[in-house]
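Chain letters run A, B, ... following the sequence lines, proteins first, then strands; residues in each count from 1.
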Amino acid sequence: MDEEFGKSEAALVAARRESLAALRSRGRDPFAQTRFSVDATAAELNARYGFLEIGQHAETENWNVAGRVMSIRTAGKTMFVDLHDRTGRLQLYVRKDELGETFADWEDLDRGDVVGVSGFMFRSKKGDLTLHVKSFAVLSKSLMPLPDKWHGLQDVEKRYRQRYVDLIVNAGVRDTMILRSKIVSEMRRFIDAQGFYECETPTLLHVAGGASARPFLTSVNALSGEEMQLRIATELNLKRLIVGGLERVYEIGRIFRNEGIDTTHNPEFTMLELYAAYWDVHDMMDFNEALINDLVQVVTGGAEELLVGEQTISFARPFRRVAYLDAMRDGSGGKYTREQLLDPSGAAKIVEELGLPKSPTHGHALDKIFERLVEPALVQPTFVTDYPVIISPLAKRKAGDPELVDRYELFCNRMEISNAFTELNDPDDQRGRFEAQARERAAGDEEVPQPDWDFVRALEYGMPPTAGIGIGVDRLVMLLTNNVSIRDVLLFPLQRQHG
RNA sequence: GCGCCUUUAGCUCAGUCGGUAGAGCAGCGGACUUUUAAUCCGUUGGUCCCGGGUUCGAGUCCCGGAGGGCGCACCA
């Protein structure tokens with residue numbers, strides 16, 4: 001029969017189909033309707049029976065556990081099986097003299113099959129807590145061969161394209177994704193405790209604004225094919241809700257930017273944006289510090305330090321603070337002054353001196369200079385404050401220093417983690433800045449968003465003084481889970497269609 | 001978009017100077033009533049990413065292409 005398949009993967013699948021047929025012939029259809037009542041997880045049983053000594057049994061207590069068979073070790077008329085569920089591993093022990101004819105069903109199980117087992121706990125001779133199986137059900141059949149039991153799945157391409165296989169065999173990936181879920185849920189808990197409303201704003205917009213990025217384009221059949229864009233930020237709609245009087249709002253949502261893909265960028269990513277009426281940028285800094293500190297403690301079980309790569313990063317409060325222009329000055333050994341940096345031709349000259357590619361705009365030049373001179377040193381959490389207004393079109397000017405705004409970015413491990421400011425609520429100033437953007441766009445810079453004039457109208461109704469923040473959730477998770485690529489914290493990172 | 005690296009059995013990987021494809025695991029058959037990368041004996045399994053070229057002969061060298069990774073560019 002095997003000859004009919006010829007190819008080795010097909011032969012492996014054929015062998016599994018044969019054991020499927022064998023199970024069915026004995027009335028054990030893995031795909032039949034079966035309701036198996038699970039009453040314990042691997043982790044629960046391992047914790048609960050930690051007291052058992054070698055050879056000791058807890059025969060009077062019966063447990064029902066379900067999971068995937070990940071290793072089968074036969075020893076004559078007994079078997080040891082590793083069962084994996086979402087909480088971890090549990091060893092099973094099976095004896096032919098107890099199961100009789102149904103022992104044959106165990107012999108037809110393959111690595112990867114899903115079973116439900118009932119039995120009692122004991123500690124084996126080698127000291128492993130083990131479930132002694134009294135009865136069982138085959139709950140699903142795995143027809144595909146699994147990767148190497150020891151090396152797991154290493155092929156990066158296959159790991160991303162077939163994440164389900166990666167999750168089955170690579171425990172670290174599962175741990176990271178579960179930790180991500182815990183981080184996001186703790187984020188919600190922390191925010192909700194301060195009276196914020198979680199809001200859902202549209203993903204499909206006529207004008208994607210609130211950031212500078214190329215949007216994805218689509219069209220709506222029900223509106224005669226009207227052109228629409230996927231959002232590049234949630235900012236403008238959340239601020240409309242502040243105008244509407246909700247006062248404390250946030251959204252943890254998917255953002256889409258039609259730009260490059262690399263270790264810190266995926267075209268769709270998750271952003272937390274949060275707005276609080278009657279807060280200013282300093283309130284937001286306190287909030288930000290407390291939130292990050294809390295998340296670090298949740299991840300570490302109470303510590304305020306994280307090992308990221310080779311570095312230990314301390315999240316003890318307060319975080320370091322440095323003003324944007326001061327950081328540039330210090331990063332250049334005192335050479336580059338505020339006057340030079342805030343002058344478009346002065347900044348262009350610095351770009352040239354540093355050997356950076358020529359920048360199309362003053363704002364772009366400042367970013368490049370900052371990236372070169374300051375960012376590499378921002379390993380410990382640092383608030384960079386007092387950004388120039390020219391790179392902050394939605395932030396309020398500093399009192400007494402209108403070239404700067406009340407804004408900060410939080411950097412950690414050389415990555416931007418959050419961006420926050422006191423929101424611009426003067427509609428005339430906002431209109432002026434949008435008009436300036438419209439001119440840049442007309443001059444050919446496609447990254448600059450189209451102005452959202454209705455947003456100006458909303459401000460004309462009166463927005464309370466407000467502070468807002470955006471936090472890149474994926475990058476924060478990278479930091480908290482010690483991963484260097486955004487793909488390793490995304491379940492399904494974008495990949496080119498199969499070639 | 002550019003540069004570098006990479007692609008060999010289901011998985012993890014070797015493959016020398018260009019000489020006709022290897023291992024471990026998994027699978028299959030067998031032994032074993034406390035194993036845990038179980039062990040022991042036997043054994044199946046290949047579009048060497050794709051397409052050209054050079055050569056008596058290409059997994060190996062050359063050209064083109066595809067997928068993936070990293071870096072650069074882009075990403076306030």
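- Between the side chain of A:Asp148 and the base of B:rG24 there is at least one donor-acceptor pair of N/O atoms closer than 3.5 Å.
- Ring centroid separation for the pair A:Phe411 and A:Phe370 comes in under the 6.0 Å cut-off.
- For A:Arg496 and B:rA66, the shortest distance from a side-chain N or O to OP1 or OP2 is not below 4.0 Å.
- Of the listed nucleotides (B:rC11, B:rU36, B:rC74), B:rC11 has the atom at the smallest distance from the side chain of A:Leu153.
- Residue contacts for A:Gln91: at a heavy-atom cut-off of 4.0 Å it reaches a base atom on one of the strands shown.
- With no hydrogens or angles considered, no side-chain donor-acceptor pair links A:Asp128 and A:Thr130 at under 3.5 Å.
- Taking the six-membered ring wherever Trp is involved, the centroid distance between the rings of A:Phe122 and A:Tyr49 does not fall below 6.0 Å.
- Using a cut-off of 4.0 Å between Lys/Arg side-chain N and Asp/Glu carboxylate O, A:Glu435 and A:Arg439 are scored as not salt-bridged.
- For A:Arg487 and B:rC70, the shortest distance from a side-chain N or O to OP1 or OP2 is below 4.0 Å.
- At a threshold of 4.0 angstrom between heavy atoms, the contacts of A:Tyr387 with the nucleic acid are absent.
- Contact annotation: side chain of A:Thr78 to base of B:rU34, donor-acceptor pair absent below 3.5 Å.
- In this structure, A:Thr361 reaches neither bases nor backbone, as no heavy-atom distance under 4.0 Å exists between it and the strands shown.
- For B:rA38, there is no paired base (Watson-Crick or G-U wobble, both distances below 3.5 Å).
- Taking 3.5 Å as the limit, the base of B:rU7 and the side chain of A:Glu157 contain no donor-acceptor pair of atoms between them.
- Relative ring orientation between A:Phe256 and A:Phe216 is described as perpendicular, the plane-to-plane angle rising above 60° on a 0-90° scale split at 30° and 60°.
- Comparing B:rC70, B:rU34, B:rG27 by their nearest atom to the side chain of A:Leu12 picks out B:rG27.
- Across the strands present, B:rA66 finds its partner in B:rU7; the criterion is a Watson-Crick or G-U wobble pair with both atom distances under 3.5 angstrom.
- Taking only side-chain nitrogens and oxygens, A:Lys96 never comes nearer than 4.0 Å to OP1 or OP2 of B:rU33.
- B:rG69 and B:rG30 have their C1' atoms separated by 44 Å, given to the nearest Å.
- Residue A:Asp97 is in base contact, counting any heavy-atom pair closer than 4.0 Å across all strands shown.
- Look at A:Lys158 and you won't find any side-chain N or O under 4.0 angstrom from OP1 or OP2 of B:rG68.
- At B:rG24, none of the side-chain N or O atoms of A:Lys149 fall inside 4.0 Å of OP1 or OP2 (strictly under the cut-off).
- The base of B:rU36 is paired with the side chain of A:Asp128 by a donor and an acceptor separated by under 3.5 Å.
- Nucleic acid contact class of A:Asp262 (heavy atoms, under 4.0 Å, all strands): base.
- Side chain A:Arg123 to base B:rU34: no donor-acceptor pair is found below 3.5 Å.
- Taking the ring axis of A:Tyr336 as reference, the NZ or CZ atom of A:Arg329 does not stay both within 45° of it and closer than 6.0 Å to the ring centre.
- The phosphate of B:rG68 (OP1 or OP2) has a side-chain N or O of A:Arg161 nearer than 4.0 angstrom.
- Counting any heavy atom pair closer than 4.0 Å across all strands shown, A:Gly363 reaches no nucleic acid atom.
- A side-chain hydrogen bond (donor to acceptor under 3.5 Å, both in side chains) check over residues 165-175 of chain A, counting only residues at least two apart or in different chains, returns the pairs A:Arg159-A:Asp166, A:Arg163-A:Asp166, A:Asp166-A:Asn170.
- Of all nucleotides present, none satisfies the Watson-Crick or G-U wobble test against B:rC48 with each distance under 3.5 Å.
- Side-chain nitrogen and oxygen atoms of A:Ser19 include none within less than 4.0 Å of the OP1 or OP2 phosphate oxygen of B:rG27.
- No contact: A:Phe370 has no heavy atom under 4.0 Å from any strand.
- Between A:Arg16 and B:rG10 there is no side-chain polar atom (N or O) within less than 4.0 angstrom of OP1 or OP2.
- When the side-chain nitrogen and oxygen atoms of A:Lys126 are compared with OP1 and OP2 of B:rU36, one or more of them lie within a distance under 4.0 Å.
- Here A:Gly55 lies out of heavy-atom contact (under 4.0 Å) with every strand.
- When distances are taken from the side chain of A:Gln495 to each of B:rA76, B:rG68, B:rU34, the shortest belongs to B:rG68.
- Note on A:Ser71: only backbone sugar-phosphate atoms sit closer than 4.0 angstrom, heavy atoms only; bases stay farther off.
- An OP1 or OP2 oxygen of B:rU35 is reached within less than 4.0 angstrom by no side-chain nitrogen or oxygen of A:Arg73.
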